[in-house]
*Asks:* 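Quick one: the structure is below, questions incoming.
In each ligand, atom 1 is the first atom listed, and ligand 1 is the first ligand listed.
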Amino acid sequence: MSTDTTMTLGEWPVQTEGARRFLATPDRRMLIGAEWVDALSGDRLETLNPATGELLATIPAGDAADVDRAVAIAREAFEQGPWRSMLPAERARLLWKVADLIEAHLDELAELETLDQGKPLWVAKYAEIPGAIEQFRYFAGAATKLEGSTIDPSINYQPPGKKLFAYTRKEPIGVVGAIVPWNSPLVLTAMKIAPALAAGCTMVLKPAEDTSLTALRLAELMLEAGIPPGVLNVVTGLGEKAGAALAAHPDVNKVAFTGSTEVGKLILGAARGNLKKVTLELGGKSPVIVLNDADLEHAIPGAANAIFFNAGQVCVAGSRLYVQRKIFDQVIEGVAAQAKSIKLGHGLDPSTQMGPLVSRKQAERVAGYIRAGAAEGAQIMSGGAEGLGPAGTFIAPTLLSGVRPDMTVVREEIFGPVVVATPFDEPEEAVALANDTEYGLAASVWTESLSSAHRLAADIKAGTVWINSHSMYDASLPIGGVKQSGWGRDSGHQAVDNYLETKTVCAVI
Ligand code: NAD
């Protein structure tokens, strides 16, 4: 263990009755139509508690055959089912009811998320499950506000005495395939389901193989809420099998993907066959820029939190720290001190501030980056490359300084608790450094100058720029990237358009 790091694990029995009941049937099934089924192959995947390495449950290892079955049911539910033809207010009422049921089961879902993903319970309970609830409430409101427009065309060859009347209708795009990652499983799932269902679409969801449990529990709650069977189907399984089959399926009209840039490119290739619509929420290497005049009492913990929250497994994590030269030493010493004070532990331990990474594989990947950074000459100011804990899944919060723009740790998304720090002289230089990346997901600027803040916000190439804050999410705030961080936006009222087609009706009357 790194000498600076405090870590206790202990025994943490399951606390909620709901989570106990769910885990008492550890061989979970997936939902196709109204049926809870195994994969046709009968194959299963293990899902582990990353803090301890213990087996939590097994899930079906779905593949192309299961995806075929689920897409056929989703198609039938779309064409013949009541979902898209029911009154929008009724769809809204059912989505609101899903939110109420998630809220009623908040403690249970938060605990399942913590056990499955590793994050501290307080993160799941106060940030992520509430975030999922808000997605359903926000987009419940969208169901009754799907509006086209009326248009006066200027076509000059209509028959004499006739007039033209044209309007647009917003219609659901059809069957949606949603593929989501493991870092914030339930809230990212809700970000796909809520707008797609508000639009009147039906869906097949492929959760991440490491963290499928809350998606399966959500599917139970959605049936309980009265969402008609077939509207939401869940196929668990590996990305390269179930995910790839869903992305390539000829009867899926749209794929909504959140995950890495690398897999996002594969999704695009797979979607080509039937030219399905695609939205991509991908990776990032988000800069945190601290100017000389920043309020360091907030900026230092803010910069630490920007990277170490959820053990850095956040798409918008502030993984590149740029600090104006006069305050550089003070800021990086402050962030390193914050890093050293973070207590690692089991997510159910209320004193835990940072949990493990989602899997040993991810911890090894992150450790590899830290080693590569050190080998290229970076100095380790806190943390290190050692995989801690019984399963080797904990990585201590790590700050690297003395880095160069061409280093791998500066260029690639690490997706762990690792930040690289670089000084700059003038704000223009900070913008150039911030934009020197293939990514463009998010950024934050820390300054007391209104004018510097808004100038930098305009000049940084990113989908979101926060000022004197980082990682502020809300169902009302569009989130997504420019450059190789993706296509389109989740959240915000425009997100429902991801799941709608515009039909033009033009009449001679
Ligand atoms: P990943 O791309 O490896 O996997 C994401 C999902 O895609 C999983 O469900 C996986 O099973 C599936 N998948 C894998 N290979 C596939 C294939 N060939 N075809 C179809 N599906 C496939 O990503 P991850 O490691 O689970 O998550 C971390 C990544 O997600 C990071 O890059 C992070 O930045 C990104 N992310 C982005 C956002 C955002 O809003 N932009 C949010 C969260 C995470």
*Asks:* Heavy-atom contacts under 4.0 Å between Pro207 and ligand 1: side chain, backbone, both, or neither?
*Replies:* backbone
*Asks:* Considering only protein heavy atoms, which is closest to atom 24 (P) of ligand 1, and at what distance to one decimal place?
*Replies:* Trp182 NE1, 3.3 Å
*Asks:* Side chain, backbone, both or neither: which part of Ile267 comes within less than 4.0 Å of ligand 1 when only heavy atoms are counted?
*Replies:* side chain
*Asks:* Record the part of Leu246 in heavy-atom contact with ligand 1 below 4.0 Å; permitted values are side chain, backbone, both and neither.
*Replies:* neither
*Asks:* Looking at Glu209, which atoms of ligand 1 are within less than 4.0 Å of one of its heavy atoms?
*Replies:* 10 (C), 11 (O)
*Asks:* Which one holds for Ile179 and ligand 1: side chain close, backbone close, both close, or neither close, with close meaning a heavy atom under 4.0 Å?
*Replies:* side chain
*Asks:* Could you tell me whether Arg411 and Glu438 make a salt bridge, using a distance below 4.0 angstrom between a side-chain N and a carboxylate O?
*Replies:* no
*Asks:* To which protein heavy atom is atom 27 (O) of ligand 1 closest, and what is the distance rounded to 0.1 Å?
*Replies:* Pro181 CB, 3.2 Å
*Asks:* Please list, in number order, the atoms of ligand 1 under 4.0 Å from a heavy atom of Leu441.
*Replies:* 41 (N)
*Asks:* Kindly indicate whether a cation-pi arrangement holds for Lys483 with Tyr439, taking the cut-offs as under 6.0 Å to the six-membered ring centre and within 45° of the axis.
*Replies:* no
*Asks:* I'd like to know if Ile479 contacts ligand 1, where contact means a heavy-atom distance under 4.0 Å to any ligand atom.
*Replies:* no
*Asks:* If the cut-off is 4.0 Å to any non-hydrogen atom of Ser260, which atoms of ligand 1 fall inside it?
*Replies:* 1 (P), 2 (O), 3 (O), 23 (O), 29 (C), 30 (O), 32 (O)
*Asks:* Between Glu281 and Lys192, is there a salt bridge with N-O shorter than 4.0 Å?
*Replies:* no
*Asks:* Note the single closest protein heavy atom to atom 14 (C) of ligand 1, along with its residue, its atom name and the distance in Å.
*Replies:* Gly239 CA, 3.5 Å
*Asks:* Which atoms of ligand 1 sit under 4.0 Å from any heavy atom of Gly243?
*Replies:* 19 (N), 20 (C), 21 (N)
*Asks:* Where is the nearest protein heavy atom to atom 35 (C) of ligand 1: which residue, which atom, and how far?
*Replies:* Gly259 O, 3.1 Å
*Asks:* Distance under 4.0 Å to a non-hydrogen atom of Leu188: what atoms of ligand 1 satisfy this?
*Replies:* 43 (C)
*Asks:* Which residue and atom name correspond to the protein heavy atom nearest atom 31 (C) of ligand 1, and how close is it?
*Replies:* Glu413 OE1, 3.3 Å
*Asks:* Give the contacting part of Val314 toward ligand 1: side chain, backbone, both or neither, where contact means a heavy-atom distance below 4.0 Å.
*Replies:* neither
*Asks:* Who's the nearest protein heavy-atom neighbour of atom 18 (N) of ligand 1, and how far?
*Replies:* Leu266 CD1, 3.7 Å
*Asks:* State whether Glu128 and Lys125 are salt-bridged, where the test is any N-O pair (Lys NZ or Arg NE/NH1/NH2 against Asp/Glu carboxylate O) under 4.0 Å.
*Replies:* no
*Asks:* Counting heavy atoms not belonging to Trp36, are there more than 12 under 6.0 Å from its CH2?
*Replies:* yes
*Asks:* Are Trp182 and Phe415 an aromatic pair by the rule of ring centers under 6.0 Å?
*Replies:* yes
